[in-house]
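Here the structure is laid out as structure tokens; the discussion comes afterwards.
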Protein chains: 2
Amino acid sequence: MNKRKVPKATMQRYPLYLKALKKLQSLGIDRIMSNQLGSFIDVEPTTIRRDFSFIGTLGKQGYGYDIETLIETFEGHLGGTYNEKIIIVGAGNLGRALMNYNRWNNVVGEVACAFDIDENKVGVINDIPIYPLSQLSKNIPVGCRIAILTVSHDAQETVDKLIEAGIVGFISFTHDHIRVPKDVFIKYVDVISSIQELVFQVNNI
Amino acid sequence: MNKRKVPKATMQRYPLYLKALKKLQSLGIDRIMSNQLGSFIDVEPTTIRRDFSFIGTLGKQGYGYDIETLIETFEGHLGGTYNEKIIIVGAGNLGRALMNYNRWNNVVGEVACAFDIDENKVGVINDIPIYPLSQLSKNIPVGCRIAILTVSHDAQETVDKLIEAGIVGFISFTHDHIRVPKDVFIKYVDVISSIQELVFQVNNI
DNA sequence: CTAAAGTTGCTAATTAATTCACATGGTATA
DNA sequence: TATACCATGTGAATTAATTAGCAACTTTAG
């Protein structure tokens, strides 16, 4: 097992591995070689082996990898303890669609509650309570570290408030550029940027 | 101007640049140095200059960059001709939320229409017609290259059909792993994978 | 039990991406 | 118009990531 810090590129592949392994497991496969996994997800086998080595000695020489073991290990590292309390900030169309999305459980945790600046949005959707943003500090769940941002205005201002309330990781659906301190992470899940990148690629083959 | 092919890492930053530049323009700024832009988006100035150099000689020595020129140039490369016809496949909660999202125009093009396998979903949302997936080939817009995938089942099968119909770029909101040929691009906009990556980062500071 | 076959995990080599450092040529001021 | 300044753009150096190659160990077949 290699003890260096995990490269960024490797970190980005971990969710992909977990996703693929679960798919394979659902197909009834319980053992796999880096080789096969590689051709399944289009990643070089040697890259896979190296990526895995940062987490531990997961495979057996001459045998391959046990899918169940891999899944358990990855889930442990990627939030599979299922106790992450996530909040959604912004209860517009997108925020509500996410609340109705029923695949949060058994993945990383659960959406504990949501917030919106508009007091008229207060209520309950799919058993998830929506509170006014003004009551953030009162209603934010204990130990909550991750927020999903689906606001349409004042994203920066909202993020600043959330950081103050203890959030250290953001998933942002907004197309706004947001600045966060070094010890806070933000991941953009941004359709527009994705389409732009896609157009650039498609135009530059 | 450097004529090598654009590195992948660079390509991923282009949408970020455009986003930041538009923000700066909206603040009334019309000229910027790589230095300032760098501290604004937390990218090394020299990386910015190199990234820009792949597109052309955009700056003036001793002066900096003209924001308007930059925006025009980037828009040209990232789909700013606004004539991309995009389709949405899957008219569930998420698909409908995207149809109601009103920021497609003046960014990359427009959502021309949507498709769903469920004939009961056929109708019109926000002026966007929804057709049954069985009538894909009949209703797909001429020149359409990009599809946004928000289906909840049979993603792979659907993608295969769409590729046959001429789609070469996908934005997938599904958490399923999808395989595409080498000349087709797929970008995942996947909350679950993003949260997993975030959890891993937050746990490994 | 022994030997052949096969796959991991690691070191070394290669390739990609970032950062340094500075010549170049425009800008600003008087 | 002359002069001091300043930021770009790019070759060279560095650092990060990927890929090749192989020793070590497991499994499996005979």
Side-chain angles (χ1 to χ4, degrees), chain A residues 1-17 20-21 24 29-71 73-74 182 197 200-201 204, chain B residues 1-17 20-21 24 29-71 73-74 182 197 200-201 204:
Chain A
M1 174 177 174
N2 200 326
K3 273 291 189 184
R4 280 191 317 136
K5 92 179 212 318
V6 184
K8 217 159 39 165
T10 294
M11 244 189 288
Q12 286 174 4
R13 280 188 294 264
Y14 283 155
L16 171 63
Y17 293 140
L21 290 165
L24 291 165
I29 303 169
D30 57 2
R31 168 186 166 183
I32 199 163
M33 275 70 88
S34 59
N35 207 297
Q36 303 172 296
L37 181 59
S39 73
F40 186 60
I41 58 176
D42 211 40
V43 173
E44 286 295 319
T46 187
T47 301
I48 293 177
R49 296 204 298 275
R50 178 167 297 279
D51 284 351
F52 284 10
S53 78
F54 289 103
I55 290 193
T57 301
L58 307 176
K60 288 187 218 146
Q61 290 178 331
Y63 172 91
Y65 299 88
D66 200 62
I67 290 191
E68 197 172 330
T69 312
L70 282 184
I71 290 178
T73 308
F74 275 110
K182 288 261 176 294
E197 201 189 325
F200 187 88
Q201 283 188 327
N204 283 268
Chain B
M1 174 177 177
N2 201 326
K3 271 293 189 184
R4 280 192 315 138
K5 92 181 210 319
V6 184
K8 217 159 39 166
T10 295
M11 244 189 287
Q12 285 174 4
R13 281 188 294 265
Y14 284 154
L16 171 63
Y17 294 140
L21 290 165
L24 291 164
I29 303 168
D30 57 2
R31 167 185 167 184
I32 199 164
M33 274 71 87
S34 60
N35 209 299
Q36 305 171 296
L37 180 59
S39 74
F40 186 61
I41 57 176
D42 211 40
V43 173
E44 287 295 319
T46 187
T47 300
I48 293 177
R49 296 204 297 276
R50 184 167 298 277
D51 284 351
F52 284 12
S53 78
F54 289 104
I55 291 194
T57 301
L58 307 176
K60 287 185 220 149
Q61 288 179 333
Y63 172 91
Y65 299 88
D66 200 63
I67 290 191
E68 198 173 328
T69 312
L70 282 184
I71 290 178
T73 308
F74 274 111
K182 288 262 176 292
E197 202 189 324
F200 187 88
Q201 283 188 327
N204 284 267

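To find a chain, count down the sequence lines: A is the first, B the second, and so on, and within it residues start at 1.
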Quick one: [X] [atom1] to [N] [atom2], roughly how many Å, whole number?
X	N	atom1	atom2	result
A:L58	C:dC10	CG	P	11 Å
B:I48	D:dT8	CD1	P	9 Å
B:Q36	D:dT8	CD	P	9 Å
A:L37	C:dG9	CG	P	13 Å
A:F52	C:dT8	CZ	P	10 Å
B:Y65	D:dA7	OH	C1'	8 Å
B:I55	D:dT8	CD1	P	16 Å
B:L70	D:dT8	CG	P	10 Å

Grab the N/O contacts between the protein and nucleotides 23-30 of chain C below 3.5 Å, and write none if there aren't any.
unit_1	atom_1	unit_2	atom_2	d
C:dT24	O2	B:Q61	OE1	2.9
C:dT24	O2	B:Q61	NE2	2.9
C:dG25	O4'	B:Q61	OE1	2.6
C:dA28	OP1	B:R31	NH1	3.4

Under 4.0 Å between a side-chain N/O of [X] and OP1 or OP2 of [N], yes or no?
X	N	value
B:S34	D:dT8	yes
A:R49	C:dT8	yes
A:T47	D:dT18	no

Can you find a pair of side-chain heavy atoms, one from [X] and one from [Y], that are under 4.5 Å apart?
X	Y	value
B:T69	B:L58	no
A:V6	A:I55	no
A:K5	A:F54	no
A:F52	A:T57	no
B:Q36	B:Y65	no
B:I41	B:R13	no

Discussion item. Side chain of A:M33, heavy atoms from C-beta onward: which of D:dT19, C:dT8, D:dT8 has the nearest atom to it?
Written reply: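 It is C:dT8.
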If you find the nucleotide of DNA chain D closest to A:A9 and the one closest to B:P45, which residue's nucleotide is nearer the 5' end?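 In this pair, the answer is B:P45.
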(message) By the 4.0 Å heavy-atom rule, please label B:T10 as base, sugar-phosphate, or nothing.
(response)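 If one applies the 4.0 Å heavy-atom cut-off, B:T10 turns out to touch nothing in the nucleic acid.
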Backbone of A:P45 reached by a side-chain donor or acceptor of A:R50 within 3.5 Å
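No; judged by distance alone, with no hydrogens or angles, the pair does not exist.
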Polar pairs (N or O, both sides) under 3.5 Å between protein and nucleotides 12-16 of chain C?
unit_1	atom_1	unit_2	atom_2	d
C:dA12	N6	A:R50	NH2	3.3

Once ring-ring contact (aromatic ring centres under 6.0 Å, His included) is applied, do any residues pair with B:Y14, and if so which ones, sequence neighbours excluded?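 Applying ring-ring contact (aromatic ring centres under 6.0 Å, His included) to B:Y14 gives A:F200, B:F74.
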One thing to verify: whether A:K60 and A:D66 come together as a salt bridge, which I'm taking to mean a side-chain N less than 4.0 angstrom from a carboxylate O.
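Looking at A:D66 and A:K60, the cut-off is not met.
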